[in-house]
Amino acid sequence: MFRFLASALSFVIWSGAAQAEPVSYRLDPARSVVGYEVGFGQDLIKGRIPVRSADVTLDFRSNSNSSVSVTLNAAGATSSFPFAEQALKGPKVLATGQFPTMTFRSSAFRIGTTTAQVDGQVTIRGVTRPVRLDAQVFRQQGTDPGDLSKMSVHLTGAVNRSEFGATGWNDMVADRVVISIVARLDRAG
């Protein structure tokens, strides 16, 4: 816990001295997780969706220079409930045979000292809708204060699956899907 607080405090101090130009980052897929949760009666279905590609640029002095573009492999989605995984990929929910990927493209950033909001467009089943994600940004443990080479980002938000035409089993499965992303970023180049 102390290391986490020290890391957060270091980020607050660091953010005031951040570089004046955008920094491009590579996503470390082995240490990053895109997770989801959705209600299933009184239970919760949890799962993961693999990242196919990501392009991240952060500029802590000029939010308009920051951008994120992510493509997820919807066909590779997993679920904590075996039958739900098959239904998730089927034609009534994600229809991965026709739409094997999902995308997110940022449109605006509001970056604070340790938190941020990221507005963007998410595309699921070929339908694009706006979404807002809340973010916490930290430099990774083990890095020196002011070191921008390794960042950790935790993003949270939610979408209503019905807005994307993913209406299958709506009598058993909740409409609201909670998204939780832990992204480990390494400076590109």
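The structure displayed is predicted, hence computed values, not measured ones.
Between Arg110 and Asp119 a salt bridge is recorded (basic side-chain N to carboxylate O distance below 4.0 Å).
No donor-acceptor pair under 3.5 Å is formed between the side chain of Arg52 and the backbone N or O of Thr103. The main-chain N or O of Arg187 is found under 3.5 Å from a side-chain atom of Arg26 such that the two form a donor-acceptor pair. A donor-acceptor pair under 3.5 Å is absent between the side-chain atoms of Ser106 and the main chain of Ala108, judged by distance alone. Side-chain atoms of Gln136 do not come within 3.5 Å of backbone N or O of His154 as any donor-acceptor pair. With hydrogens and angles ignored, the 3.5 Å screen pairs a side-chain donor or acceptor of Asn73 with a backbone N or O of Gly76. Remark: the backbone N or O of Gly165 is not paired with any side-chain donor or acceptor of Arg161 at under 3.5 angstrom. Of the possible donor and acceptor atoms, none in the side chain of Ser66 sits under 3.5 Å from a partner among the backbone N and O of Leu58. Thr96 places a side-chain N or O within 3.5 Å of a backbone atom of Lys89 that can act as its donor or acceptor partner. Proximity of a side-chain donor or acceptor of Asp59 to a complementary backbone N or O of Ser62 within less than 3.5 Å is detected.
The environment of Arg48 atom CZ is sparse: at most 12 non-hydrogen atoms of other residues, nucleotides or ligands sit within 6.0 angstrom. Enclosure of atom CD in Gln121 by more than 12 non-hydrogen atoms of other residues, nucleotides or ligands within 6.0 angstrom is indicated.
Nearest heavy-atom pair across Met102 and Ala74 is CG-CB, 4.0 Å. Nearest heavy atoms, Phe164 versus Val159: CE1-CB, 3.9 Å.
For the residue pair Ser162/Asp175, the side-chain donor-acceptor check at 3.5 Å is satisfied.
Side-chain contact between Val118 and Phe104 is present, with at least one heavy-atom pair separated by less than 4.5 Å.
Put simply, OG on Ser32 and CG on Leu27 are 3.5 Å apart, with the number rounded to the nearest 0.5 Å.
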